[in-house]
Amino acid sequence: MHPAPSIIAFTVLSGLGFGLLGFLGLGKPDVSGFTAFVFFFIGFGLAISGLISSTFHLGNPQRALKAFSQWRTSWLSREGWLSVATLIVMGIYAIGIIFFHTRFAILGILGALLCLATVFATSMIYTQIKTVPRWNHWSTPVLFLLYSITGGALLSGQVWIAEPLFLLLGAAQLVFWMFGDNLFADSGSNMGTATGLGSLGKVRLFEGPHSGGNYLTREMVHVVGRKHAVKLRVISVFCLALLPWAIFTFFNFGHAWALLAVILHLIGAFVSRWLFFAQAEHTVGLYYGAR
């Protein structure tokens, strides 16, 4: 799949934002007044900027509101409604903490659950696509939720939670790649099934369907060289999990080290999310010799 920058930004930033808001909903950290305002500002800023960036991938961004009408069948629509509900609940919760120094625990817990539900709905937008076997697997929502929870723990300063989560996230990312690399082959899709000619023998591509590119080749067919993919995976795991874990484990905790850990985690998250899209083999690629 084509790794569109707007979708990469959407999934990474919104996941971090809702992760941070989820921890704030649970009272971690237990802050109020201006300090609470800063934390909520970062959480809302990440979540909203991520959601806004997703509209740039629409063919007609001005019609984005129509996405809310398909909640019965569309995970994209459900994600939209859940994100709005989450922001409203967390907004009311934040007002109580910032201006009245009162934490409405029930609202906070509800907001935290809505944060997880929103991230889950985002992951299901991709998990339910059967034509992309790498995504159509239980590990996809697990990975999205782990990214959000780990990032939320990091941004909220919950080091004791973030440390083991870094290692768990790194392991989960490796498992996702391990399963994903074989899922397309295990799906049974090939040139024979794509053309319906498999019963006649082995089918191979004689020449491309057309001489120029089109929407499908631009959006659905993207090939990453194995050598480059391995390098990017190594960079991703080190920045995403291992280096931040090492910083909090072997160095004295401080704002400078925490900032470095956040920057490294963000770099790793963006690299791994780029690979998430770039390495997703769509079955339509069979018609163009991509497999």
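Heads up: numbering here begins at 1 and tracks the sequence.
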J.: Hey, are the side chains of L16 and L266 touching, using non-hydrogen atoms and a 4.5 Å cut-off?
T.: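 Counting from C-beta outward, L16 and L266 do come under 4.5 Å.
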
J.: Rounded to the nearest 0.5 Å, what separation is found between the OG atom of S74 and the CE atom of M124?
T.: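 If we round to the nearest 0.5 Å, S74:OG and M124:CE are 11.5 Å apart.
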
J.: Can you hop from L110 to F104 via hydrophobic side chains spaced under 4.5 Å?
T.: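 In one cluster with L110: F104, yes.
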
J.: Please name the residue in the list L155, L21, V31 that meets the side-chain contact (heavy atoms from CB on, under 4.5 Å) test with F39.
T.: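 Filter result, single survivor: V31.
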
J.: L51 and L87: side-chain contact (heavy atoms from CB on, under 4.5 Å), yes or no, with the steps?
T.: CA-CA 11 Å; L51 293 170; L87 294 175; 4.2 Å; yes

J.: Do we see a donor-acceptor contact under 3.5 Å between the side chains of Y147 and T11?
T.: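 Distance-only check fails for Y147 and T11.
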
J.: With hydrophobic residues grouped by side-chain heavy-atom distances under 4.5 Å, do L169 and L242 end up in a single group?
T.: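 Linked, L169 and L242 end up in one cluster.
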
J.: Are the side chains of P29 and L24 in contact, using a 4.5 Å heavy-atom criterion?
T.: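 In short, these two side chains touch, coming nearer than 4.5 Å.
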
J.: Between S83 (side chain) and E79 (backbone), is there a donor-acceptor pair under 3.5 Å?
T.: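 Present.
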
J.: CG of D30 to OG of S156: how many Å apart, nearest 0.5 Å?
T.: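 One gets 12.5 Å once the value is rounded to the nearest 0.5 Å.
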
J.: Determine, using the 4.5 Å side-chain heavy-atom cutoff (strictly less than), whether I95 and I109 are members of one ILVMFWY cluster.
T.: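 In one cluster with I95: I109, no.
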
J.: Which atoms form the tightest heavy-atom contact between I129 and N136, and what is the distance?
T.: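 Taking every non-hydrogen atom into account, O-CB, 3.5 Å.
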
J.: What are the two closest non-hydrogen atoms of A36 and I98, and how far apart are they?
T.: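 Closest heavy-atom pair between A36 and I98: CB-CG1, 4.0 Å.
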
J.: Please check this pair: side chain of R103 against backbone of I97, looking for a donor-acceptor N/O pair closer than 3.5 Å.
T.: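 Looks like no, no N/O pair under 3.5 Å.
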
J.: Rounded to the nearest 0.5 Å, how far does CD of Q128 lie from CH2 of W75?
T.: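 W75 atom CH2 to Q128 atom CD measures 9.0 Å (nearest 0.5 Å).
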
J.: Is a donor on one side and an acceptor on the other found under 3.5 Å between the side chain of S148 and the backbone of L145?
T.: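 Checked: no pair found.
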
J.: So, do F179 and W138 have ring centers that fall under 6.0 Å from each other?
T.: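 Yes; W138 has its ring centre under 6.0 Å from that of F179.
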
J.: We want to know whether T118 and T86 form a side-chain donor-acceptor pair, criterion being a heavy-atom distance below 3.5 angstrom.
T.: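 Note: T118 and T86 side chains meet the donor-acceptor criterion.
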
J.: Please check if the number of heavy atoms outside L259 that lie under 6.0 Å from its CG is greater than 12.
T.: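 It does: L259 CG has more than 12 such atoms within range.
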
J.: Could you go through the side-chain contact (heavy atoms from CB on, under 4.5 Å) check for T150 and L240 one step at a time?
T.: CA-CA 10 Å; T150 304; L240 179 74; over 6 Å; no

J.: Between F18 and F144 (judged by ring centroids, cut-off 6.0 Å), do the two rings come close enough to count as a pair?
T.: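 Here the rings of F144 and F18 have centres that are no less than 6.0 Å from each other.
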
J.: Taking the six-membered ring for Trp, are the ring centroids of W245 and F250 within less than 6.0 Å of each other?
T.: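 They qualify: ring centres under 6.0 Å apart.
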
J.: Could you pull out the closest heavy-atom pair between M178 and N182, with the gap in Å?
T.: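 Heavy-atom minimum between the residues: O-ND2, 3.4 Å.
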
J.: Indicate yes or no: at least one non-hydrogen side-chain atom of T140 is less than 4.5 angstrom from one of F276.
T.: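 Yes, side chains in contact.
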
J.: Examine W135 together with F277 and report whether their ring centres are nearer than 6.0 Å.
T.: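 Aromatic pair counts; centres sit under 6.0 Å.
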
J.: Report the distance from atom CG of L76 to atom CD1 of I125, rounding to the nearest 0.5 Å.
T.: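 Taking CG in L76 and CD1 in I125, the distance rounds to 4.5 Å.
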
J.: For the residue pair R78 and W81, would you count it as a cation-pi contact if the rule is NZ or CZ under 6.0 angstrom from the ring centre and within 45 degrees of the ring axis?
T.: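 No; the conditions do not both hold, so R78 does not lie above the ring face of W81.
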
J.: Are L113 and M90 in one and the same hydrophobic cluster, where Ile, Leu, Val, Met, Phe, Trp and Tyr link if side-chain heavy atoms are under 4.5 Å apart?
T.: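 L113 and M90: separate clusters.
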
J.: Which class fits the ring pair F248 and F166: parallel under 30°, tilted 30 to 60°, perpendicular over 60°?
T.: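 Rings of F248 and F166: parallel, as their planes differ by under 30°.
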
J.: Please examine the side chains of I161 and F23, heavy atoms only from C-beta on, and report whether any two atoms are closer than 4.5 Å.
T.: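 With C-beta onward as the side chain, the pair touches.
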
J.: I need the L143 CG to L146 CG distance, nearest 0.5 Å.
T.: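 One finds 6.5 Å between CG of L143 and CG of L146.
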
J.: Do L183 and Y126 sit in one hydrophobic cluster, given that two such residues count as connected whenever their side-chain heavy atoms are within less than 4.5 Å of each other, even indirectly?
T.: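 No; Y126 is not reachable from L183 via cluster members.
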
J.: Quick one, I247 and L264 - any side-chain contact, counting heavy atoms below 4.5 Å?
T.: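 Yes, their side chains come closer than 4.5 Å.
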
J.: First locate atom OG of S54, then atom CZ of F10, and finally report the distance between them rounded to the nearest 0.5 Å.
T.: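 Spacing of OG (S54) from CZ (F10) equals 5.0 Å.
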
J.: Is there a side-chain contact (heavy atoms from CB on, under 4.5 Å) between F184 and R134? Walk through the geometry before answering.
T.: CA-CA 7 Å; F184 195 96; R134 186 182 290 269; over 6 Å; no

J.: Heavy atoms only: give me the nearest G50-L13 pair and the separation to one decimal.
T.: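 G50 and L13 have their closest heavy atoms at CA-CB, 4.0 Å.
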
J.: Step by step, work out the side-chain contact (heavy atoms from CB on, under 4.5 Å) result for R233 and Q279.
T.: CA-CA 11 Å; R233 286 182 176 185; Q279 290 193 295; 3.1 Å; yes

J.: Do V84 and F68 have side chains that get closer than 4.5 Å, going by heavy atoms?
T.: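 Contact flag for V84/F68 side chains = yes.
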
J.: Sub-3.5 Å donor-acceptor pair from the side chain of Q173 to the main-chain atoms of A171, do we have one?
T.: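 No; zero donor-acceptor contacts below 3.5 Å.
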
J.: Show the nearest heavy-atom pair for residues G17 and L46, with the distance to one decimal.
T.: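 So the minimum-distance heavy-atom pair works out to CA-CB, 3.6 Å.
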
J.: If you take all heavy atoms of V271 and S236, which pair is closest and at what distance?
T.: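 Closest pair (atom of V271, atom of S236, distance): CG1-CB, 3.9 Å.
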
